Amino acid sequence: MGRAEERRARQRGGRRAAPRRSSGTPSVGAGDGAAGTAPGGRAAARRAARPGKARKSGIRRLFTWKKILGTFFGVCLLAIGAFIVLYMIVPIPEGNAVAQRESNVYKYSDGSVLARAGTVNRESVSLDQVPKDVQHCFVAAENKSFYHDSGVDLKGTARGLLNTLRGRGTQGGSTITQQYVKNYYLDQNQTVTRKLKELVISLKVDQKYSKDQILAGYINTSYYGRGAYGIQAAAQAYYRVDARKLTVEQGAYLAALLQAPSQYDWAVASQTGKQLVKARWNYVLDNMVGQKWLDAGKRRAMTFPVPKDPRGTPGLEGQKGYLIDLANKQLEQKLMKDEGISQSQAEAEVVGRGWTITLNIDKKKQAALEKAVKVQLTGKLDPKKRKVDGDVQAGAVSVDPRNGKIVALYGGQDYFKHYTSNATRTDFQPASTFKPVILAAALESGAKTQDGLPIDANTVYDGTSGRQAVDHGSKVGFGPPNEDHKDYGPITVQTAMNQSVNSVFAQMGIDVGMEKVMSTAGDLGMDTKGMQPVPAQTLGSMGASPLEMAGIYATFDNHGKKVTPTIVAKAEGKSRSVTMPDAIGDQVISRQAADTVTSVLTGVVDDGTARTSVAANPARNGQQVAGKTGTSDENRSAWFTGYTPDLVTSVGLFGEQPKPPFRHVSLTGATGLLPPPGRVNGGGYPAEIWAAYTFGVTDKAEFDLDTTQGAAVQPPASKSPSQSPSQSPSQSASSSPPPSKSPSQSPSHSPSQSPSKSPSQSPSQSPSRTPSGGPSIENPLNPGDQQQLDGRQPAQ
């Protein structure tokens, strides 16, 4: 046998082939079944050596390449045939853009009408009234291939169809023609049927109309924000000019707006929103250069065209505009989540679409909050006498912790005069109102001091001002000064919270771990995206809104179950209704941790920085109160966030220049009624507003707390109210506090005093001077950067 035959034998069954015999030689053992020269003998032997052959042959007969290809082409032909039939039977419908524009009705929780808003603000203009360069802005922003494509993006549409079938939202490409068809002929519903209709109608529209006609239809039916539909209304709303007078820079901004109108509206945009719209504006102009529609030299010389402030719309004056704006945003977020549509699509579905939206706003509580702000603050401001009075902005949100309903909201002096809602803005520091979050993180994680002691309300820390708080093995410390550089020596966590001692909470944050602190903040409801877990955050140096802080404290009040403040009770359209998500979520921290925080915060009211304005307030009628004051660096913001068992309210005052660029400025000296230097503390006007409002709308109630710690409960008999000051305080600095220092509060002072009882301890004195300097403080935006606190007040 040759080598080739041996190889074939191995491939057949691994056996060596028998030597060939001549045809005349009889087969040995043929009678026993051995393979011989009989017809079929060798084939039988091969089949015996390959037992799986027959089974594989059956599968191959069923799935052959010819059958697979035939099936594939058959399915393709069927799809093509179905599309041809669909193309023939689906006509171009009558336009419905105007018919669907109808005022929304907004109601208070009792059903009475708050406002009607969203009347149609649209005026069509022919394309020859829009400069050619401005036309190119929209093409460059949305569909660079517009002038030579077929009107549809098949790849993007297929991706959108697939995502719709999977329930993942749209996420598909869309040409200007498709967007025009969706705006004018169809609706925003994300269904397979609607998408197929969009595809067919877009092809027909592209065949029937010129590109200029389609572009004109697109820019005349798109929603630009500020209630403006169409480029003419947008040009007037943002730049007070007709469309024919728009510059390229202005046109690029209007084109950029279409991606997210309210988020990109410069008058109300956050810092992130402003960055995003500038990036989008640059993208539009760069695309125009790439398409040879704009000279590169001219493009380099262009500057961002800041739009003018919005004009007042009847029905949105006073607080109404702030309430409606938040209601629209929450409804839009719900539609985006449920239907997988983009933000711009959601806005177009909400604004002026004939919704009846019932808010959770209680008419009586809303009136009481507005009155409290006026009596306690704005009625005392006189910008003609004091320039700083014109810089004062107030914001407040009031939430029922049992159901998450926003029952009252104060967004600013007037929606027409200050379009940014102070209730939802996140560009000011919450300061020491963040300290309870640090304590919550410590309690929830079972954290210990660096001496190995569990952190609770009775743990003793070193309250020396500017003391370097460091982690084990760290060479770089963080030593924030206390207010007025006051030294407290060894003090309990309860006293440190009462007096808002920065040095204690700086060390506690390091002991707990700043990653854990920021994680807990996120769980409680703070938007921590992009926030660095650095020790400086213990001073509340991040940005937060009264809405966020109200949600966090409502979660404490609700025994650790997440509360997401919600302003929309229900929304009903012509053909659908929207059910808002449950505002009460999962248990994000344990009840014991949440209740201990509440217990500790009653001490801030009865024995600490809020005693005068809240605990001793003559309007108080036995209500138990927990809360925290906050005064930020350089006195640019002042806060009081507090709660009774049935109502949580966060009040913030912010210093902001009334004219562009709207810089943050100090509140010091506002009203002219404060003792020198006139610093506005959280225990002052914010707490006074809170008390005037809360004590007027709540009844006497007591907290139901599951804890043995804090000022609201009697500690167990086996444990003293606070650890002896002779115990070594928790520390990690290289030096101990001076032995002569004593706690600011006598350790024999019982923290069991009922919050409803008027405390006998004297309140902390108002600071009488501004420090001329201070130690370095770490920059939270750049952990390696050390800022000098010269002339600035530390967060309190």
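Here, residue 1 is the first one in the sequence, and each next residue gets the next number. Quick caveat: nothing in here was measured; it's all calculated off a predicted structure.
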Next on the checklist: Do Arg425 and Ser545 make a side-chain contact, defined as non-hydrogen atoms from C-beta onward lying under 4.5 Å apart?
Outcome noted: no
Next on the checklist: Please check this pair: side chain of Asn220 against backbone of Ala216, looking for a donor-acceptor N/O pair closer than 3.5 Å.
Outcome noted: yes
Item to check | Exam field: side chain Asp265 to backbone Pro261, donor-acceptor pair closer than 3.5 Å | outcome: no
Next on the checklist: Looking at Lys405, I'd like to know if its NZ atom is crowded, meaning that more than 12 non-hydrogen atoms belonging to other residues, nucleotides or ligands lie closer than 6.0 Å.
Outcome noted: no
Next on the checklist: Quiz question: by atom type and distance under 3.5 Å, do the side chains of Asp391 and Gln657 form a donor-acceptor pair?
Outcome noted: no
Checklist entry - Is there a donor-acceptor pair under 3.5 Å between the side chain of Gln330 and the backbone N or O of Ile567? => result yes
Checklist entry - Just by distance, do the side chain of Asn360 and the backbone of Thr566 share a donor-acceptor pair under 3.5 Å? => result yes
Using residues 134-143 as the side-chain source, report each donor-acceptor pair under 3.5 Å to any protein atom, sequence neighbours left out, with the distance given to one decimal.
| from | atom 1 | to | atom 2 | distance (Å) |
| --- | --- | --- | --- | --- |
| Gln135 | NE2 | Leu127 | O | 3.2 |
| Gln135 | NE2 | Val130 | O | 2.9 |
| Glu142 | OE1 | Gln179 | NE2 | 3.3 |
| Glu142 | OE2 | Arg280 | NH2 | 3.4 |
| Asn143 | OD1 | Ile176 | N | 3.1 |
| Asn143 | ND2 | Ser145 | OG | 3.2 |
| Asn143 | ND2 | Asp149 | OD2 | 3.3 |

Item to check | Pair Tyr184 and Tyr218, ring centroids less than 6.0 Å apart | outcome: no
Item to check | Lys278 NZ: over 12 foreign heavy atoms closer than 6.0 Å | outcome: no
Item to check | Donor-acceptor contact present, side-chain Arg311 to main-chain Ala237, <3.5 Å | outcome: no
Checklist outcome for this item: CG of Asp414 to OH of Tyr322, rounded to nearest 0.5 Å, is 6.0 Å
Next on the checklist: Side chains of Glu370 and Gln366: any donor to acceptor distance under 3.5 Å?
Outcome noted: yes
Item to check | Glu349 backbone acceptor or donor facing Trp355 side chain under 3.5 Å | outcome: yes
Next on the checklist: Just by distance, no angles: are the side chains of Asn183 and Tyr229 close enough, under 3.5 Å, to form a donor-acceptor pair?
Outcome noted: no
Next on the checklist: Please check: side-chain N/O of Glu548 versus main-chain N/O of Asp527, any donor-acceptor pairing under 3.5 Å?
Outcome noted: yes
Checklist entry - Would you find a donor on one side and an acceptor on the other, under 3.5 Å apart, between the side chain of Tyr108 and the backbone of Lys364? => result no
Next on the checklist: Any donor-acceptor pair under 3.5 Å linking the side-chain atoms of Ser126 with those of Gln129?
Outcome noted: yes
Checklist entry - Can Tyr264 and Leu258 be said to form a side-chain contact (heavy atoms from CB on, under 4.5 Å), step by step? => result CA-CA 9 Å; Tyr264 289 173; Leu258 297 182; over 6 Å; no
Checklist entry - side-chain contact (heavy atoms from CB on, under 4.5 Å) between Asn328 and Ile357: does it pass, once the steps are laid out? => result CA-CA 9 Å; Asn328 286 348; Ile357 302 174; 4.2 Å; yes
Next on the checklist: Checking side-chain polar atoms at under 3.5 Å, does Lys363 have a donor or acceptor matched by the opposite partner on Ser112?
Outcome noted: yes
Item to check | Residues, nucleotides or ligands: over 12 heavy atoms within 6.0 Å of Arg240 CZ | outcome: yes
Next on the checklist: I want to check something: taking the side chain as every heavy atom from C-beta on, are Val152 and Thr177 in contact at a cut-off of under 4.5 Å?
Outcome noted: no
Next on the checklist: Contact between Val205 and Gln178 at the side-chain level, heavy atoms closer than 4.5 Å - yes or no?
Outcome noted: no
Checklist entry - Got more than 12 heavy atoms from elsewhere within 6.0 Å of NZ, Lys211? => result yes
Checklist entry - Is there a side-chain contact between Tyr415 and Pro310, using heavy atoms and a 4.5 Å cut-off? => result no
Next on the checklist: Checking ring pair (Phe, Tyr, Trp, His ring centres under 6.0 Å) between Tyr253 and each of Tyr283, Trp281, Phe304, Trp266, which is the one that passes?
Outcome noted: Phe304
Checklist entry - Are the side chain of Asp389 and the backbone N or O of Ala670 linked by a donor-acceptor pair below 3.5 Å? => result no
